[in-house]
Amino acid sequence: MTQVFSNGSNSSINSNGLKSSLREQVSSRPDRNTHDGKEAVINATSEAAKEKMMDAVKVMLESVGEDPDREGLLKTPKRVAEAMQFLTQGYNQSLEKLVNGAIFDEGHNEMVLVRDIDFFSLCEHHMLPFMGRAHVAYIPSQKVVGLSKLARIVEMYARRLQVQERLTRQIAEAIQEVLEPQGVAVVMEATHMCMSMRGVQKPGSWTVTSAMLGVFQDEQKTREEFLNLIRHQPSFM
Ligand SMILES: Nc1nc2c(ncn2[C@@H]2O[C@H](COP(=O)(O)OP(=O)(O)OP(=O)(O)O)[C@@H](O)[C@H]2O)c(=O)[nH]1
Ligand SMILES: [Zn+2]
């Protein structure tokens with residue numbers, strides 16, 4: 001198994017620091033199951049939460065020595081708040097709605113792989129982007145899921161504050177939950193802006209994480225087949 005970082009326990013993404021008054025104002029997310037048995041952050045989708053975020057952006061602008069009232073920055077708090085709401089919209093999606101019943105009894109029992117799914121996420125340590133590609137495979141037990149739904153599952157978990165290891169595992173566990181297949185394999189390759197733009201400043205580095213469930217974990221041959229398939233160059237490219 002290719003794993004640059006070891007996953008260990010799936011750490012919680014709780015402790016969001018939202019004050020209780022704000023908690024009461026914001027809508028609670030429909031998908032409370034984070035697949036690690038812990039309750040996720042309440043997402044701020046309400047107008048009140050947006051206002052609160054705008055105030056915080058104004059404070060940040062002042063703190064970097066800017067004038068939030070200068071013309072070019074007047075709409076910045078609103079833009080940033082809306083961008084953050086977009087980038088964290090995954091908290092407000094549910095697996096059930098996303099799959100939308102697109103599960104088909106095909107009697108197919110061979111590997112299905114969707115490769116090169118682009119994703120953008122935010123690391124929970126610095127709230128800076130990390131982005132790359134996901135490769136998602138499963139071996140059905142008769143049932144298959146609409147192919148786009150695999151990419152939508154990647155998207156739902158990527159649009160949250162994440163660490164790459166947890167993101168990888170959540171995608172695998174979601175597919176397991178939806179399809180109960182013989183196995184699931186997810187590999188994610190990503191570059192982290194917090195390691196490129198700042199901190200250790202290593203722009204060329206990238207991180208590979210994997211999560212293997214069922215037959216992908218138990219059978220080396222199956223795992224190798226998957227790893228070979230994600231490496232080979234398609235003939236149409
Ligand atoms: N395992 C893991 N670590 C991550 C991920 N994204 C960011 N990090 C790391 O989180 C760590 C946070 O380390 P700290 O020492 O608390 O924070 P810091 O002082 O900003 O660390 P530096 O980035 O080394 O400057 C850093 O090593 C980051 O590289 C991720 O997806 N997975
Ligand atoms: Zn980071």
Side-chain angles (χ1 to χ4, degrees), residues 1-10 31 33-37 90 93-121 130-160 162-192 206-237:
M1 186 192 328
T2 317
Q3 185 139 22
V4 173
F5 293 131
S6 94
N7 194 5
S9 65
N10 289 330
D31 172 30
N33 180 5
T34 60
H35 307 285
D36 60 6
Q93 294 167 340
S94 81
L95 203 48
E96 195 187 353
K97 271 200 187 152
L98 176 157
V99 172
N100 192 30
I103 293 175
F104 314 112
D105 206 333
E106 282 299 314
H108 184 79
N109 288 320
E110 299 299 326
M111 190 184 307
V112 179
L113 163 65
V114 179
R115 259 184 57 169
D116 301 329
I117 302 168
D118 284 327
F119 75 88
F120 294 87
S121 190
F130 67 96
M131 69 279 263
R133 285 181 166 185
H135 314 292
V136 176
Y138 67 97
I139 298 185
S141 295
Q142 309 292 322
K143 289 184 292 184
V144 299
V145 65
L147 291 175
S148 70
K149 307 303 181 190
L150 297 174
R152 286 188 187 281
I153 289 171
V154 171
E155 189 71 6
M156 177 172 93
Y157 290 104
R159 297 301 189 185
R160 300 178 180 195
Q162 281 287 7
V163 296
Q164 188 177 327
E165 297 91 325
R166 185 173 64 232
L167 172 58
T168 310
R169 181 145 293 274
Q170 284 179 332
I171 294 164
E173 289 177 353
I175 296 162
Q176 184 68 37
E177 185 181 320
V178 164
L179 274 184
E180 295 175 340
Q182 296 178 55
V184 185
V186 179
V187 165
M188 304 191 85
E189 302 164 315
T191 182
H192 290 243
W206 48 291
T207 302
V208 186
T209 46
S210 70
M212 305 281 168
L213 303 179
V215 286
F216 288 97
Q217 191 171 56
D218 301 339
E219 293 172 13
Q220 191 185 346
K221 213 172 124 264
T222 310
R223 195 161 59 237
E224 274 170 9
E225 185 187 345
F226 165 71
L227 294 173
N228 283 335
L229 285 170
I230 67 173
R231 277 187 213 114
H232 99 280
Q233 200 55 30
S235 52
F236 58 83
M237 289 182 101

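Once rounded to the nearest 0.5 Å, the distance linking CD of E173 with CD1 of I153 reads 12.5 Å. Rounding to the nearest 0.5 angstrom, the gap separating the CZ atom in R152 from the NZ atom in K97 is 13.5 Å. From T222, atom OG1 reaches atom CD of Q217 across 12.0 Å, with rounding to the nearest 0.5 Å. In this structure, CG in L95 is found 12.0 Å from CG in N100, a value given to the nearest 0.5 Å. Note: Q220 CD to L227 CG = 10.0 Å, rounded to the nearest 0.5 Å. Separating the CG atom in L167 from the CZ atom in R160 is a distance of 9.5 Å, to the nearest 0.5 Å.
A donor-acceptor pair under 3.5 Å is absent between the side-chain atoms of Q93 and the main chain of L98, judged by distance alone. A donor-acceptor contact shorter than 3.5 Å is absent between the side chain of Q176 and the backbone of L213. Within the 3.5 Å criterion, the main-chain N or O of A158 finds a donor-acceptor partner in the side chain of S121. A donor-acceptor pair under 3.5 Å links the side-chain atoms of Y138 to the main chain of V145, judged by distance alone. Remark: side-chain polar atoms of Q182 are paired, donor with acceptor, to backbone N or O of P140 under 3.5 angstrom.
E189 is not listed as a side-chain neighbour of T207, based on a closest heavy-atom distance of 4.5 Å or more. For the pair V178/K149, no side-chain contact is recorded, criterion being any heavy-atom separation below 4.5 Å from C-beta on. By the 4.5 Å heavy-atom criterion applied to side chains, S210 and V187 are counted as neighbours. Side chains of H232 and R115 form a contact here, defined as non-hydrogen atoms less than 4.5 Å apart.
The two residues F226 and H135 make their nearest non-hydrogen contact at CZ-O, 4.1 Å. In plain terms, the two heavy atoms of F119 and A134 that are nearest each other are CD2-N, 4.0 Å.
Checking I171, V99, I175 one by one against L150, the side chain to side chain contact (heavy atoms under 4.5 Å, CB included) holds for a single residue, I175.
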request  = Give the intermediate values and the outcome of side chain to side chain donor-acceptor pair (under 3.5 Å) for residues Q170 and Q162.
outcome  = CA-CA 10 Å; Q170 284 179 332; Q162 281 287 7; 2.8 Å; yes

task = Carefully, step by step, assess M188 and V208 under the rule side chain to side chain contact (heavy atoms under 4.5 Å, CB included).
result = CA-CA 6 Å; M188 304 191 85; V208 186; over 6 Å; no

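Note on ring orientation: taking the six-membered ring where Trp is involved, the planes of F130 and H192 are parallel (angle under 30°, cut-offs 30° and 60°).
Residues forming a salt bridge (charged side-chain N to carboxylate O under 4.0 Å, His left out) with R133 (at least two apart in sequence, or on another chain): D116, D118.
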